[in-house]
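Right, one structure below, let's go through it.
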Amino acid sequence: MNQGLKATAITVIGSQLVSTDALAEETTLAALQFSQVPLPYASNALEPALDTLTMDIHYGKHHTAYIKNVNDAIAAEKISFSSEKDFFANTSKLSAKARNNGGGAWNHNLFWQVMKPGSTAPTGKVADAINGSFGSFEKFKEQFTQAGMTRFGSGWAWLVKDGNTLKIGSTPNQDNPLMDISDLKGTPLLALDVWEHAYYLKYQNKRNEYIANWWSVVNWEEVAKRLS
Ligand SMILES: [Fe+2]
């Protein structure tokens with residue numbers, strides 16, 4: 001009788017172990033993986049504002065490394081958030097490796113997409129929103145440039161939507177406005193990488209010239225999609 005009870009208990013425990021393992025495997029399989037967006041243009045297409053060698057290294061080395069490293073962190077640390085939104089909303093709970101590389105992966109994916117050869121000035125709802133929030137396109141450009149210029153060291157300048165208004169700000173390192181630890185919050189519409197790796201080969205220490213020329217490759221149609 002006692003042996004029978006014991007055998008039953010072992011069976012139940014064994015069954016629970018199998019179930020737990022199966023659930024863990026499902027969770028791992030469903031966990032978020034970051035992927036690199038295809039570059040929407042040739043790496044020389046943004047010349048002369050962004051030089052080809054910088055683009056090749058930036059996209060092919062720096063960004064690729066962020067993608068690999070965040071996915072390594074997700075696997076090694078068993079991070080189980082299933083969406084980018086949840087991942088960044090819980091940044092305060094993540095390791096430095098997951099935070100820095102997750103931001104690097106996401107921020108650059110946006111950066112490539114909000115650029116294109118041959119920019120034209122914003123129109124329609126984007127122009128209206130910029131004029132409504134900043135007074136004019138020129139004033140917006142001044143404030144955005146200032147945000148990029150005053151970010152000490154490495155980081156990003158951002159245009160974000162916060163409720164019914166647009167805001168400009170910057171974040172350090174690879175932080176972004178989706179992160180719970182960020183002072184700047186909102187839906188990113190436009191991002192400018194002001195890390196030296198984004199401009200140093202062509203512009204050396206002249207970040208102001210990099211930003212001035214970058215306006216010629218901003219993809220305002222992509223900004224409009226994100227404003228919707
Ligand atoms: Fe970068």
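Just so you know, ligand 1 is whichever comes first in the structure, and atom 1 is the first atom listed for that ligand.
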Identify which one of H63, H58, Q174 satisfies the side-chain contact (heavy atoms from CB on, under 4.5 Å) criterion when paired with D193.
-> H58
N/O/S of H58 less than 2.8 Å from the Fe ion (ligand 1)?
-> yes
Note: K139-E142 ion pair, threshold 4.0 Å (strictly below) = no
Walk me through it: do F111 and W195 pass the test ring pair (Phe, Tyr, Trp, His ring centres under 6.0 Å)?
-> CA-CA 12 Å; F111 186 51; W195 281 60; over 10 Å; no
Any idea which N/O/S atom from H108 gets closest to the Fe ion (ligand 1)?
-> NE2
Decide if the gap between the ring center of F87 and the ring center of F34 is smaller than 6.0 angstrom.
-> yes
What N/O/S atom of H197 is the closest to the Fe ion (ligand 1)?
-> NE2
Name of the D193 N, O or S atom nearest the Fe ion (ligand 1)?
-> OD2
